[in-house]
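Note sheet for the following structure.
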Amino acid sequence: MSKNIFVCLKQVPDTETRFKISDPDTKFDTSTIKWIVNPYDEFAIEEALKLKAQFPDCSTIALSGGPKSRVGEALRTALAMGIDEAILLHFEKDWPSAFTLAKAFAQVIRSEGDPLVILTGKMAIDDHSSLFGPMLAAALEMPFVSLVSSASWNSDHGILGRELEGGVREKVRVSLPAVVTCNKGLNTPRYPSLPGIMKAKKKTIKEVDISAQINVPEGLELNRLTYPPERPAGKILSGSIDAQVTELVTLLRNEAKVL
Amino acid sequence: METLLVIEKDNQSQVKKTSLELIALAQKHSWNWDALIYDQDPNFKNQIISFGPRTVFELPGHPNPLVAGSSFRSWLVPQQYSLILATASNFHRDFLAWAAFPQTPTIVNDVVSLEPQHSSQILVKKPLFAGKLIGEFRVSQRPAILLLRPNQISEKPTTKSSSSTTFQVIPQHNDQRYQVLERSVGTQTRADLTEAERIVSGGRGLKDASNYQMIERLASILGATPGASRAIVDAGWVDHSYQVGQTGKTVAPNLYIAVGISGAIQHLAGMSGSRVIVAINNDPNAPIFQKATYGIVGDLFEVIPKLEAKLKEIL
Ligand SMILES: Cc1cc2nc3c(=O)[nH]c(=O)nc-3n(C[C@H](O)[C@H](O)[C@H](O)COP(=O)(O)OP(=O)(O)OC[C@H]3O[C@@H](n4cnc5c(N)ncnc54)[C@H](O)[C@@H]3O)c2cc1C
């Protein structure tokens, strides 16, 4: 079986980032930002490598969208972890909608062809939207399973475990090809090996310019960015622990009115 | 505005609190609204009618997002809604995103506020980077699907006396490609972290996995949902579903109590939207105190039992 295992990954600011809104206020200062592969997409990369070990005739292909000035680095990370090929979908627009993005990704995946499965993270830690996976599936007319934290694969279906709100667990059978969004617990992403890094440097990353598809007027446009409201300075209590506990309960009840 | 509200049932056959928020919002703006439900419980349906929707549509396919999504998609095409509102949850994201393609492309997750403008636009705010920034977006396409973060609307819906609500069933589209083989009901009866009004979270200061039961106990006295820092999730003390923060859940309860949590930037990002934050930590320089409404600097092993005793006296 020589099919393609696709991984869609997003490059996001490191979780340590403190943001500074710039001028115009639809942008933030990116000069000091360290970019990383979205942590949940690392589970998708690892799952692709596990699938490849199970189906050695398949190829693994990583796709990432964004400005070509930076996104190549995220794809190099995937290649260094062991992904076979990488495609950069170039565009400059900030916050394109999941819809526009899904359509553009679907087109590239269709032209590569022969999908076994398309893996991505359960959410990106920049917009926390979790809409790209299901929309990509819809654009490709494939089924999808979100939040997958355990998987066993066959050539034509997967048995996938997922965990939902309130500790509800589900086991789902999905026909392949399918889009699967990966959660923590699915696997332990490997670190890129030194030979892997060397090999990744020599690989060419294919570039596809999707700006025309992304720069379309949408029903959804960023108006401005703001900082979250400042929290008023808090009260650090003092006195004996007994006194502090008593005061805390009184404050919660009478001042904050949350009890 | 013509609005469709996705209304859910809670464990007591009542309309879920998060759904009441949607109804209150529609009533506040005097929108014409219909309800979309995926539960047939008669008590639940009667309660919905009391709030005065025009029509209640029953969507088949729960909990299968493909069946629910495909059924909803074909049904939606000829409808004339401006807005479709649902609570942000995994099932809603899944079936609505699937259904949105390709006719209803505008969908926004995690909306914290929504202001209709004059020019038929809606301004919506949603947190970015788990709340480090807020993005204000203009929504101009109709219909738009907005997924609202729980606990953002304080108004309560009012009941209407006269009501001529009708019921309709949406035809089911089967899709064999996705089959739910097993579904275990969660052991928890408490609200999910993302919906909880009170949360008690524990961190590495607890020293040992077995001490997490202190968090569970305090949470149960308060009717709160227990949460965790990533440090103790990674240590395997609790499941990942407990994690609050940038790579966990973004939460916004009325009361968030952080016990033995230092307040790393990734943790703060996920919980800074809480209304009242209590920090209990023995290090006066812990960053969590910068976000705290009230702080106790002290040994949690001394503070928590005393707090429990005090709360039991009054609750
Ligand atoms: C990519 C990435 C993503 C991350 N995402 C998240 C995330 O989503 N959520 C998250 O929480 N973290 C996240 N982190 C981890 C984060 O950086 C911190 O490591 C983590 O939050 C620390 O957890 P903690 O506060 O429990 O532990 P620590 O930082 O070790 O703090 C323990 C605290 O307990 C206090 N303490 C100790 N003993 C006592 C006592 N007896 N009584 C009272 N207090 C006591 C200490 O003073 C200290 O402040 C992420 C990190 C990275 C790199």
Side-chain angles (χ1 to χ4, degrees), chain A residues 13 15-16 19 21 28 39 95 97-99 125-131 134-135 137-139 143 145-147 163-175 184-185 219-228 231 234-237 241-242 244-246 248-249 251-253 256 258-259, chain B residues 66 89-90 93-94 97-98 101 105-110 123 128-141 144 177-188 192 240-241 246-247 250 254-255 265-266 272 276 289 291-298 302-303 306-307 310-311 314:
Chain A
T15 58
E16 293 285 340
F19 292 91
I21 298 169
F28 55 85
W95 313 109
S97 73
F99 176 75
I125 61 159
D126 53 1
D127 64 8
H128 280 237
S129 274
S130 303
L131 299 170
M135 280 228 167
V145 186
S146 66
L147 294 159
E163 198 181 298
L164 307 164
E165 285 99 348
V168 174
R169 280 167 199 277
E170 238 178 46
K171 194 185 271 183
V172 170
R173 183 190 194 280
V174 70
S175 311
K184 195 165 175 166
L220 179 66
E221 299 287 342
L222 180 64
N223 198 36
R224 61 177 180 142
L225 296 170
T226 58
Y227 296 105
R231 298 190 68 86
K235 274 186 199 155
I236 306 298
L237 310 182
I241 294 293
D242 282 303
Q244 289 189 50
V245 165
T246 307
L248 175 66
V249 172
L251 286 167
L252 289 176
R253 180 154 248 205
V258 286
L259 291 185
Chain B
L66 240 56
S89 73
N90 292 315
R93 273 190 289 270
D94 280 0
W98 169 264
F101 200 94
T106 304
I107 174 164
V108 190
N109 182 37
D110 253 353
L123 272 188
L128 299 171
F129 309 105
K132 289 176 183 173
L133 292 177
I134 309 290
E136 191 181 277
F137 291 85
R138 266 191 311 268
V139 176
S140 54
Q141 206 153 32
R177 295 175 299 173
Y178 185 115
Q179 287 166 31
V180 181
L181 302 178
E182 277 171 41
R183 186 176 164 88
S184 75
V185 180
T187 45
Q188 308 162 315
D192 191 69
H240 174 57
S241 58
Q246 197 167 355
T247 54
T250 312
N254 280 326
L255 174 62
I265 183 166
Q266 298 94 343
S272 294
V276 173
F289 286 119
K291 295 281 176 191
T293 323
Y294 307 118
I296 293 186
V297 179
E302 187 186 350
V303 177
K306 290 186 166 156
L307 181 58
K310 196 85 210 164
L311 287 170
I314 67 149

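Residue numbers begin at 1 in each chain, while the letters A, B, ... track the order of the sequences. Hydrogens, waters and symmetry mates are skipped; everything else that's a heavy atom, side chains included, is used.
- For a residue to count as touching a neighbouring chain, one of its non-hydrogen atoms must lie under 4.5 Å from one of that chain's; by this rule B/T106 touches chain A with the side chain only.
- When heavy atoms are compared at a cutoff of 4.5 Å, B/I314 approaches chain A by way of both its backbone and its side chain.
- With sequence neighbours left out, A/Y227 forms a ring pair (Phe, Tyr, Trp, His ring centres under 6.0 Å) with no residue at all.
- Between B/L66 and A/P143, the shortest heavy-atom contact is CD2-CB, 3.4 Å.
- The greatest number of non-hydrogen atom pairs below 4.5 Å with chain A, out of B/Q141, B/K132, B/E136, is found for B/E136.
- Looking at A/S130, both its backbone and its side chain come within 4.5 Å of chain B, counting heavy atoms on both sides.
- Residues B/N109 and A/S129 share a closest heavy-atom pair of ND2-O, 3.1 Å.
- Nearest heavy atom pair, residue A/A137 against residue B/W98, reads C-CZ3, 3.7 Å.
- Inter-residue side-chain proximity for A/K235 and B/T293 is flagged as unmet; no heavy-atom pair is nearer than 4.5 Å.
- Only the side chain of A/P39 comes within contact range of chain B, judged by heavy atoms closer than 4.5 Å.
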(request) In sequence, state the C-alpha distance, the side-chain angles, and the governing distance for A/M135 and B/I107, and then conclude on side-chain contact (heavy atoms from CB on, under 4.5 Å). (result) CA-CA 10 Å; A/M135 280 228 167; B/I107 174 164; 3.4 Å; yes
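- Of the two parts of B/N90, the backbone and the side chain both hold a non-hydrogen atom closer than 4.5 Å to a non-hydrogen atom of chain A.
- Contact annotation for A/R224: both backbone and side-chain heavy atoms come within less than 4.5 Å of a heavy atom of chain B.
- The CG atom of A/L248 sits 4.5 Å away from atom CD1 of B/I296, with the distance rounded to the nearest 0.5 Å.
- Of the listed residues A/D127, A/T226, A/V174, the one with more heavy-atom pairs under 4.5 angstrom with chain B than any other is A/T226.
- Of all the listed residues (B/K291, B/Q246, B/E302), the one sharing the greatest number of non-hydrogen pairs under 4.5 Å with chain A is B/Q246.
- Comparing A/L225, A/L131, A/L237, A/I21 by how many heavy-atom pairs each has under 4.5 Å with chain B, the most go to A/L131.
- Options A/P13, A/A139, A/A98 differ in how many heavy-atom pairs under 4.5 Å they form with chain B, and the most are formed by A/A139.
- The two residues B/K306 and A/I241 come nearest to each other via the heavy atoms CD-CG2, 3.9 Å.
- Between chain B and the residues A/L147, A/L164, A/V245, A/V145, the most heavy-atom pairs under 4.5 angstrom are made by A/V245.
- The choice from A/L252, A/D242, A/L222 that makes the most heavy-atom pairs within less than 4.5 Å of chain B is A/L222.
- Per-residue counts of heavy-atom pairs under 4.5 Å with chain A were compared for B/N254, B/D110, B/V180; the largest is that of B/V180.
- Only the backbone of B/A292 comes within contact range of chain A, with at least one heavy atom under 4.5 Å from a heavy atom of that chain.
- The part of A/V249 that comes within reach of chain B is its side chain, from C-beta onward, which places non-hydrogen atoms under 4.5 angstrom from that chain.
- With rounding to the nearest 0.5 angstrom, the CG atom of A/L259 is 6.5 Å from the CG atom of B/L255.
- For the atom pair OG1 (A/T246) and NZ (B/K310), the distance works out to 4.0 Å, reported to the nearest 0.5 Å.
- Of the atoms belonging to B/L128, heavy atoms from both backbone and side chain fall under 4.5 Å from chain A.
- Residues B/F289 and B/V297 form a side-chain contact, since some pair of their non-hydrogen atoms from C-beta on lies under 4.5 Å apart.
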